[in-house]
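For reference, the structure is listed below as C-alpha cells.
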Amino acid sequence: MNELKQYFYFLIIPLIVIAIYFLNPADIFVNGNELSFVSILISCFMIEYFIQKSKNGEDIYLRPIPAMKAMEEAVGRATEMGSSVLYVPGIAGLDEIDTISGVIILGHVAGMTAEYESDLHVPCCVPIVMEAARESCKEAYLKKGRPDLYNDRMVHYVTDDQFAYAAGVNGIMLREKPAAIFYQGKFYAESLILAETGNSVGAIQVAGTGSSSQIPFFVTACDYVLIGEEFYAASAYLSGSPEMIGSIKGQDYVKLLCMLFIGAVFLFSIFNYFEIFTFDMMTLFKINIEGYSVN
Amino acid sequence: MILNLDIIGVWLSVLMTLCILSYLYGDNPFYKIAEHIFVGVSAGYIFALTWWDQIWPNLFGRLFPSYVDAGFDFSPSYIIPLILGIFMLFRLIPSLSWLARFPIAFIVGMAAGLKVYVYINSNILMQIQNSAIDFSKSGWEIFNHILILVGVISALVYFFFSKEHKGAIGTVSKIGIYFLMIKFGASFGFAVMGRISLLIGRFEDLINYSSEQYNYATPIILISMIILLGIWSFQNNKSEKNN
Amino acid sequence: MFIKRQLAIIVMMSMGFLALSGYFLNFPTLREFTDKDAPQWYMIIAGFAAFLGCVNLLQLHIQKVAKKQENWQYSIFTLLGFLVMIVFGFIYKNVDAPWGAHLKDDGSAFYWMYNFVYLPLGSTMFALLAFFVASASYRAFRMRNFEATLLLISGVLLMLGRVPVGAIIPWWVVLFMYISFIFAIIASKIKDKRIFFISFLSTNIIGLVLGTQLKWNITAPLFLSIPSIQEWIMAVPATAGSRAIMIGIALGILAQSFRIITGRERSILGD
Amino acid sequence: MKRFFTIVGTIDRRIIFLLIGLSVLIPLIKPNWLELPIKIDNNTQIVYDSISGLQEGDKVLLSFEYGASTKPEVHPMAVALLKHLFAKGIKVYIVSLWPEGPIMAKLAMDEIIASDLFNIEDGKDYIMFDYKVGGSIVIKNISDDFRGIYKQDYNRIPIEQLQIMEGVYSVEDFDFVFDFSAGVPGNAEWVQYACDPKDVPLSSGCTSIMVTDAIPYVESGQLKGILAGMPGAAEYEKMVYDYLTNELTNNNEYINENASITKGKAFSRMSAQSVAHLVMVIFILLGNLSYYYQRKRG
C-alpha cells in the first residue's frame, strides 16, 4: 500500500468525518456524546489500519502465548493414549463474544483432531452455538481433507440449563475419560464442577475465557489458562486470518492510547489543582444523550 | 399424619435434594434419574414460560390483537420477526437449514452494534474518567488512588501483545501480574463464600423439612436412601468383579 | 449462491451499523427502529431460539430411547419431565387465573412442579459446588510460584475478613502472618537454615514486645485487623486488577464487534 | 512427621465432603453455640444510605435476575430491601429478566404480605411484570421505551388502568434502580445499557462471585455501593431490622402497629459461614503443607 493512499485513508478521512460531526449540518447528529463518537471513530480507524496492513502481507509481530503451545501438546497426548478430546464451548449464546472466540478455537482444535485422527466430542448448551460449532467443525475437517471423519454426532445439544449441562458434561467425562479437555468460551459458576471432574479424570486441561470471575478456578484446577484478552488474542492467532491478527494489533495500540489518556487525565487533575493549567477534563466526559427522547 | 398436596411436595423436594447430593458418594442411579428429570423439567419450564410471557403476548398480541388482547394494537410489520423465528426452527430440517442464517445474522449483528457503544462508554471512558485525582480526599485515599493507577497501567502492560516482555516492559508486566493475581485471589475468596452460602441455604431447607410438621421427611428419606445406595453399590461391585 | 452466502452477511452488517448509529443520528425513523422495533424483534427471535433448544433436546432424547443407546432408560425421565411441564403449562392449569398468568399463580400445578421439583434440583446442583470447592481447595490449590502464593493469601484474607470470625482474630496473630510472609520471600536468599530460624523467632518476639508497649492489645491499629485489610484489598489492588481486565476485555469486544459490523466475522454464520 | 503429611495428602474426597457438610450443619442446628457480632462493610453502608436518602412516594425499579440456584444468597436481600422500601412508602416496580425471576419475585412478595407489616396493595403500592426473553436488549428497551414491551402487569391487567403506572415511560422516570443479579444479564448490563446512558442512580445486590467484576463500577460511582453475597444480605437484614424496630416505636404510618418484626436468619447463617470458612482455610494450609513435603521428598 503506497504511502500516499495510506495517509489519505487513515488520516484525512477520519479528520473530515470529525469535522462534519462537529459542524453538525442540519442537526443530523445528536449532541451530548461527542467523546464517545470521537473515541469510537479513532479506535475503529486504528483497527482498520492494522487490518489493511496485515492484509497486505506485512508481517506483524505478536508475542507468543504459553497456553497456545499447550493445545497442540494436549491433542497429541490424547491421540497417543487413544482417548478422545472433549471441547466445552461455554454456556452462553452467540451474542456473547467469548462464545464466538470459543467456536473459532474449536475450528482450530477440530483441525488438529482431524490431522491426528482422534475423536472429538463437543457438548453444547445453546442451540445456536451447536449449529455454529457444527459448521466450524465441518469446515475444519474439510480444510484438512478428512470430511469422512466428521459426523454430526460429535457436536450435540445437552440442555439450556446451566447446571443440567454441567452434570451432563460431567457424565461424559466420567464415561469417556478424555485425555485432553478444552474449556473455551463464556463460563459461569459451573466451571469448577467441570474443572474438578476433569482434574479427577487426569486430563490435560486448557481453559480460556473472558468471564473474569471464573479465571481463578481455571487457574487453580487447569494446567494452562488464557486470561481474558489472551483468550481473544489466541482466537486471532488460531484463525490466522489477517483481519483477526490485524485487529489484535489495533487493539494493542488503542490500549496504548487508553494508557496515555489515563496519564493525561491524571496529570491534568494535578495541574488543575495547582492552577498551572486550568482546563477541567471532566466536562469532556458526558455520555448521555440530551434533548432527544423517543416517546 | 396429615397428607395434602404440600406435604407430598415437601417429600418430593427432599427426595430430589438428596438424590442430587448422592452424587457426592459417586455417580449412581439416584443421581442420574434426578439429573435427567432436571434436564427435562428445565427445558419444559423454559418452553412454557417463553411462550406465555414472550411469544404469545409480544408477537401474537400484535398480529391478532382482538384474539390475544395483550394490550398491543395491530402492527403488520411483526410478520418479519415471525418469519425469522420460523426460519430459526428450520434449522432442524437439513435441506432448509441455511435459512437459519438470517435470524442468527440479525441477532449477532444487532448485539455487536450495541456492544460497541456500550462497552466504550461504561467500561473504558467512565473508568478513565475515574483516574482523575480528587484532592478533597485525605492523603491516605489519594495514595490509594495513585496505587490503583499504577496497578491499572501495569496490568494493562501485561496484556500488551506487540512487544516481547523483556527488560523494562518485563518488570512492569511482572508488577501487573501481581495485581492481577491479588484480584484473582479476591475472586476466589468470594467464590468460596458464595458456594458455602448456597449450601447453607440448602441445609436450612432440609432442617426445616425434618420437623414433625412435615412428618420427619428428611430423616426417613435419608436413611432409606443410604440403605438403597448401599445395596446398589454392593451389587455394582459384585457385578463388576465377575465381568 | 448469493442468497445463501452474502445476503446473511449483509443483514448482519446493516443491523450492526443501524444499532450503532441509533446512538448518534437524529433521524426519527431510525431512532424509532433502533429504540422500539429492533429490540422487540430481537426478543421474539431469541424466544424462538429457546424453542429450538427444547425441540432439539426432545429430538436427542427420543432418538436415545428409540435406538436404545446407552443409559436410554434415564432419557425416559427427561421426556416425562418435559411432558409433565408442557401439560401443566398448556393443557391443565387447575386454577382460574388467565392463561399465562397461571404459571406464577401458587395454586397451579405448574407452580407446584416448579416449587417442589425444579427449585430443589436447581439449588442443590449449585450447593454441590461447596463440596467441590472444598476438595479443589484441598487438592488443586497449590503455592506453585509467587503469583499463586499471592492469589492464595489474598483469597484467605478475603475469606476471613468477610465473615464475623475475622474480626475476633487477635492482633499478634496478624503480626505473625506479616512476619512469616516477609520471611517466606527472603527464605531463598538465606542459605543457612539456623540463622533463618533464629532471626525469624527474634523478629516475632520484638514485634510482640513492641506491640504491648504501643498498647496494640487495647486498640489494634487498622493494618492489624483482618476485616480492614480485606476492605483495603478489595478497594485498591482488586479494583486495579478488575479495571485493567475490564478495559482489556472491552477492547476485545470492541474489535470483535467492529469485525462483525464490517462483515469480516464469517465463522458465526459458518461460511 | 513426613508420614503424617503423606497420609494427609491422600485423603479420600468424601471425607473432605463430610467435614465441610458438618461444618455447615452443626452451626445451623445449634445457632447459639457461636454468636458473633455482624460488622457492617462500607459498601453495604453506602447501599443503605442511598436507599434511606429516597423520599416518600419515589418510584424504585427492582429487577429480579436470579433463580433457584442462587436463591439463598440473593433472596434475603430482596426481602430486606422490599421491607425497607415499603416502610418508607416508596412505589415498587418489579421486572424479571431471568426465566425464574417472576417466581422469585412472587415468593419475596408473598413473604412480605404474609408478615403483614405493611398494608400494601397490588397495582397501587407495587406492580409486577412478566419475564421477557432477550437479556441486555430488554434492558435497552426498558431504558428507551418501557411501555413498548410491558402493556399488562403479570395479572394481565392493562397498565393504563393502574394508578401506579402514571408518568412511567422509560427508565428516567424512576428515582432509583436496584438490581438483584446472579449472572448475565446482571448489574454490568444495567450499568451499560440503562443507568450510564440515562444517568439514573443504580445499586445492586449480587452473588459473591460477581463482586470483584463489579468493584470498578462501585469505585467509580456507577454503582452506588453493592451488597456482596450472603454476608452482605445478613448485614443489610440486620440494618433493616434495627430500622423497622425503631420506626415502629416512633409509629411510622406505613407499618402496622401490632406487627411483629421477626429477626431474620442472618446470625445463624453467619456463624455457619464463619465455621465453614475456617475449615476451608485449614484445608488450604494442610493441602499446601502435604504438597510441600511431597515436593521436598519427591
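Chain A is the first sequence line, chain B the second, and so forth, proteins listed ahead of strands; every chain is numbered from 1.
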By a 4.5 Å heavy-atom criterion (distance strictly below it), what part of B:Ile80 contacts chain C: side chain, backbone, both, or neither?
side chain

Can you tell me which portion of C:Trp232 sits under 4.5 Å from chain B's heavy atoms? Options are side chain, backbone, both or neither.
side chain

C:Leu20 versus chain B, the contacting section by heavy-atom distance below 4.5 Å
both

Just give me the residue among B:Leu92, B:Ile128, B:Ile196, B:Ile153 that pairs up with chain C most often, heavy atom to heavy atom, under 4.5 Å.
B:Leu92

Sort B:Phe87 into side chain, backbone, both or neither according to what part of it lies under 4.5 angstrom from a heavy atom of chain C.
neither

Measure distances from C:Ile253 to the heavy atoms of chain B and classify the residue's part below 4.5 Å as side chain, backbone, both or neither.
side chain

B:Leu12, B:Ile20, B:Leu21: which one forms the most heavy-atom pairs within less than 4.5 Å of chain C?
B:Ile20

For B:Phe106 and C:Tyr42, I'd like to know if the aromatic rings sit close, meaning centre-to-centre distance below 6.0 Å.
no

Residue C:Leu52 versus chain B: region with a heavy atom under 4.5 Å:
both

Please check if the side chain of B:Thr17 supplies one atom and the backbone of C:Pro120 the other of a donor-acceptor pair under 3.5 Å.
no

Tell me which of these, B:Phe159, B:Phe184, B:Tyr158, B:Tyr178, has more heavy-atom pairs under 4.5 Å with chain C than the rest.
B:Tyr178

Bottom line for C:Met234: the part with an atom under 4.5 Å from chain B's heavy atoms is side chain

Give a yes-or-no answer on whether the side chains of B:Asn130 and C:Arg243 include a donor-acceptor pair shorter than 3.5 Å.
yes

Flag the one option from C:Gly241, C:Ser135, C:Ala255 with the top tally of heavy-atom pairs under 4.5 Å to chain B.
C:Gly241

Check whether C:Gln59 gets within reach of chain B through its side chain, its backbone, both or neither, counting any heavy atom under 4.5 Å.
side chain

Under 4.5 Å heavy-atom distance to chain B, tell me which part of C:Met13 shows up: side chain, backbone, both or neither.
neither

Output the option from B:Ile86, B:Leu147, B:Leu24 having the highest count of non-hydrogen pairs under 4.5 Å with chain C.
B:Leu24

With chain B as the partner, which of C:Arg162, C:Gln230, C:Arg259 has the greatest number of non-hydrogen pairs under 4.5 Å?
C:Arg162

Chain B contact via C:Tyr74 - which portion, at a heavy-atom distance below 4.5 Å
both

Taking only residues at least two apart or on different chains, which pairs with a member in residues 42-57 of chain B satisfy salt bridge (charged side-chain N to carboxylate O under 4.0 Å, His left out)?
B:Asp53-C:Lys104

Segment of B:Ile148 engaging chain C (4.5 angstrom heavy-atom cut-off):
both

Against chain B, work out which of C:Ser21, C:Ala46, C:Ala38, C:Gly248 has the most heavy-atom pairs shorter than 4.5 Å and name it.
C:Ala38

Which portion of C:Ile44 sits near chain B, non-hydrogen atoms under 4.5 angstrom
both

Answer key: most heavy-atom pairs under 4.5 Å with chain B among C:Gln256, C:Met159, C:Met246 is C:Met246

Chain B: which of C:Leu18, C:Ile86, C:Thr239, C:Leu160 shares the most heavy-atom pairs with it under 4.5 Å?
C:Ile86

Let's test your reading of the structure: which of C:Tyr114, C:Phe258, C:Phe77 forms the most heavy-atom pairs below 4.5 Å with chain B?
C:Phe77

For B:Pro29, is it the side chain, the backbone, both or neither that has a heavy atom under 4.5 Å from a heavy atom of chain C?
both

Among B:Gly9, B:Ala155, B:Gly44, B:Ser75, which has the most heavy-atom pairs under 4.5 Å with chain C?
B:Gly9

Check the angle between the aromatic planes of C:His102 and B:Trp52 and answer parallel, tilted or perpendicular using the 30° and 60° thresholds.
perpendicular

Which atoms of C:Ala134 come close to chain B, meaning under 4.5 Å heavy atom to heavy atom: side chain ones, backbone ones, both, or neither?
neither

With only heavy atoms counted, which part of C:Val84 is less than 4.5 Å from chain B, the side chain, the backbone, both or neither?
neither

For B:Gly185 and C:Ser154, the nearest pair of non-hydrogen atoms, with its separation, is CA-OG, 3.0 Å

Would you say that B:Phe47 contacts C:Phe90 through its side chain, given a criterion of any heavy-atom pair below 4.5 Å between the two side chains?
yes

Chain C shares the most heavy-atom pairs under 4.5 Å, among B:Val14, B:Thr50, B:Ile120, with B:Thr50

Looking only at heavy atoms, the pair that brings B:Arg101 and C:Ala8 closest together is CB-CB, 3.9 Å

Let me know if B:Met88 has heavy atoms under 4.5 Å from chain C in its side chain, its backbone, both or neither.
both

Checking B:Asp205 against chain C: side chain, backbone, both or neither under 4.5 Å from a heavy atom?
neither

Heavy-atom distances under 4.5 Å only: say whether B:Ser77 touches chain C with side chain, backbone, both or neither.
both

Can you classify the ring geometry of B:Tyr45 versus C:Phe110 as parallel (below 30°), tilted (30 to 60°) or perpendicular (above 60°)?
parallel

Using non-hydrogen atoms only, which part of B:Leu59 is less than 4.5 Å away from chain C: side chain, backbone, both, or neither?
both

Measure across C:Ile260 and B:Gly109 and return the closest heavy-atom pair with its distance rounded to 0.1 Å.
CG2-CA, 4.2 Å

Given a strict heavy-atom distance threshold of 4.5 Å, which part of B:Val10 is in contact with chain C: side chain, backbone, both, or neither?
both

